[in-house]
S.K.: 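Quick one: this structure, given as structure tokens, is what I'll be asking you about.
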Protein chains: 2
Amino acid sequence: MDTREKIMDAALMLFSKKGYIGATTREIAGNAGVAEVTLFRHFSSKEKLFEEVINTYSFLPALKGLLPSLKNMDYTDALSELAGRFLERLSERKELIRIMHAEIHIYPAKVREIYHNFIDELFRTLASYFRELQLKKVLRDFSPEIGAGAFLGMFFSYFNSKELLLRKDIAAMDSAAVINEFVNIFTRGTLK
Amino acid sequence: MDTREKIMDAALMLFSKKGYIGATTREIAGNAGVAEVTLFRHFSSKEKLFEEVINTYSFLPALKGLLPSLKNMDYTDALSELAGRFLERLSERKELIRIMHAEIHIYPAKVREIYHNFIDELFRTLASYFRELQLKKVLRDFSPEIGAGAFLGMFFSYFNSKELLLRKDIAAMDSAAVINEFVNIFTRGTLK
DNA sequence: GTTTAATGTAAGCAATCACTAACATAGAGG
DNA sequence: CCTCTATGTTAGTGATTGCTTACATTAAAC
């Protein structure tokens, strides 16, 4: 792993753990195993480092092309699959999400943009998937956007409680059982 | 409004806006219209001030005693009412929730405790409400805890997108319509 | 009218922060 | 062997921070 990468890795962990202001360049460099001055030779300022970290570890492309493959599947299976993948992606980018939660009001423009792009795409794609199934008379009539919000919201909150707030009671739940019951409730709630 | 209160008000706003580290005692005192030294005469340290703010503006008692009044209502009406109240409380305590999101990893013990107490109580009460209706054969068989997670999760994510992340598309949705559709999906998904 | 409690003003301290300058070292490529 | 590039070491700068000390002001209480 080259120096630049080591610094960005350490920065991701520390920004996630202590926030942008709380993470010092000394500690980032220390955790990366390099001298502080080396950090500044690679990144002209702490702010630039932050931006690069956020851009690099962005999860933008992470869920693209998932929906098309679901179109051949059964409704319930498709939603289960989607939920599983969604939770996986969130877990993979846990640190980044934590940073965004903490920093979203301090660095609104940059941070919020990445965050929104990720959720928006899923949101819209899922809504159009619902719309399609409504036209095929598989699903009952409901606002596809609100439906997408309900579905993603359940899982996002679950992820949040389990992995970001570290709630023991939630973490103890079997993940597959949760997905199963959420999807169960949702399909019963939306099928014709 | 007495001095102590003015300081705590300003502190709540600034902690919410800039985070614990980002909010300086100078600025808090300035916004409160008092001298910085006065802040330290009321609160021995910035940390003590933070704790007092969190404890004072906690929403612990805010939802107690809501559930009992729902027992006489129709299932759908009860859930709508609960959802509405839940969103109201979250909105009222927006600043506090923002602080907790940002600071939960930096001040785990104190902050997380308050946060958990609030959600846990709702969680457990709602779960036992579901269990009761299952015994009465009104609801189908499902895990009451997971069900409570699904229900509260939908609304928490909605609140989060609308009021904390300030997403325009979500904010544009009619709140009553969202509650309606969420409850609709959930009741269809859980009724016998 | 004197005392007392709450505030303000001014100055500053010790620590920490992001960031820089100057110079030494080491390894790879020619 | 020489050069170049990446890194380390050391020291330090100016700004900011939480917090303190010392003293002045004010207004209500007695």
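From a predicted model like this one, the values you see are computed outputs, not experimental measurements. Proteins come first, then strands; the chains are lettered A, B, ... in the order of their sequence lines, and each starts at number 1.
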S.K.: Starting the side chain at C-beta, find the nucleotide from dG18(D), dT20(C), dG8(C) nearest to Val37(A).
M.R.: dT20(C)

S.K.: Phosphate oxygens OP1/OP2 of dA6(C): is one of them under 4.0 Å from a side-chain N or O of His42(B)?
M.R.: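 For dA6(C), OP1/OP2 do not have a side-chain N/O of His42(B) under 4.0 Å.
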
S.K.: From the set dC19(C), dT20(D), dT7(C), return the single nucleotide nearest to any side-chain atom of Lys46(A).
M.R.: dC19(C)

S.K.: OP1 or OP2 of dG8(D) sitting under 4.0 Å from any side-chain N/O of Thr38(A)?
M.R.: yes

S.K.: Can you tell me the distance, in whole Å, between the CD atom of Glu36(B) and the P atom of dG18(D)?
M.R.: 7 Å

S.K.: What's the closest nucleotide to the side chain of Phe40(B) if the choices are dG8(D), dT20(D), dA18(C)?
M.R.: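 Among the listed nucleotides, the one closest to the side chain of Phe40(B) is dT20(D).
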
S.K.: Nearest whole Å is fine: how far is dC19(C) P from Ile28(A) CD1?
M.R.: 10 Å

S.K.: Hey, can you pull the donor-acceptor pairs under 3.5 Å for the side chains in residues 29-39 of chain A, sequence neighbours left out?
M.R.:
unit_1: Glu36(A); atom_1: OE1; unit_2: Arg26(A); atom_2: NH1; d: 3.0
unit_1: Glu36(A); atom_1: OE2; unit_2: Thr25(A); atom_2: OG1; d: 2.7

S.K.: Between Arg26(A) and Arg41(A), which has a closest nucleotide on DNA chain D that is more 5'?
M.R.: Arg41(A)

S.K.: Is a side-chain donor or acceptor of Gln134(B) paired with a backbone partner of Phe142(B) at a separation under 3.5 angstrom?
M.R.: yes

S.K.: Counting only heavy atoms not in Met13(B), do more than 12 fall under 6.0 Å of its CE?
M.R.: no

S.K.: What is the separation between atom CZ on Arg4(B) and atom C1' on dA5(C), rounded to the nearest whole Å?
M.R.: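 Taking atom C1' of dA5(C) as the reference, CZ of Arg4(B) is at 16 Å.
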
S.K.: Using a 4.0 Å heavy-atom cut-off, does Gly22(B) contact any base of the nucleic acid, only the sugar-phosphate backbone, or nothing at all?
M.R.: nothing

S.K.: Please give, in whole Å, the distance from dG18(D) P to Tyr20(B) OH?
M.R.: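 Computing the Tyr20(B):OH to dG18(D):P distance gives 8 Å.
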
S.K.: Under 4.0 Å between any heavy atoms, over every strand shown, what does Ala23(A) touch: base, sugar-phosphate, or nothing? Just pick one.
M.R.: sugar-phosphate

S.K.: Closest nucleotide of DNA chain C for Asp2(B) versus for Thr24(A): which of these residues is on the 5' side?
M.R.: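 The residue whose closest nucleotide sits nearer the 5' end is Asp2(B).
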
S.K.: Please name all residues satisfying salt bridge (Lys or Arg N to Asp or Glu O under 4.0 Å) with Glu88(B), sequence neighbours left out, ordered by chain then number.
M.R.: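 With sequence neighbours excluded, Glu88(B) shows a salt bridge (Lys or Arg N to Asp or Glu O under 4.0 Å) to no residue whatsoever.
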
S.K.: Nearest whole Å is fine: how far is dG18(D) P from Glu27(B) CD?
M.R.: 10 Å

S.K.: Nearest to the side chain of Ser45(B), which nucleotide is it out of dG18(D), dT9(C), dC19(D)?
M.R.: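 Selected nucleotide: dC19(D).
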
S.K.: Just to confirm, is there a sub-4.0 Å distance from OP1 or OP2 of dT7(D) to any side-chain nitrogen or oxygen of Thr3(A)?
M.R.: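 Answer is yes, contact under 4.0 Å.
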
S.K.: To the nearest Å, how far apart are Ile7(A) CD1 and dC19(C) C1'?
M.R.: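 One finds 14 Å between C1' of dC19(C) and CD1 of Ile7(A), rounded.
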
S.K.: Look at Thr25(B) and dG18(D) and indicate whether a side-chain polar atom (N or O) is within less than 4.0 Å of OP1 or OP2.
M.R.: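 True: Thr25(B) side-chain N/O within range (under 4.0 Å) of dG18(D) OP1/OP2.
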
S.K.: For Tyr20(B), does the six-membered ring have the charged nitrogen or CZ of Lys46(B) within the cation-pi criterion, i.e. under 6.0 angstrom from the centroid and within 45° of the normal?
M.R.: yes

S.K.: Please report, rounded to the nearest Å, how far the P atom of dA6(C) is from the CE atom of Met1(B).
M.R.: 19 Å

S.K.: CG of Leu39(A) versus P of dA18(C): gap in Å, rounded?
M.R.: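 In whole Å, dA18(C) P lies 10 Å from Leu39(A) CG.
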
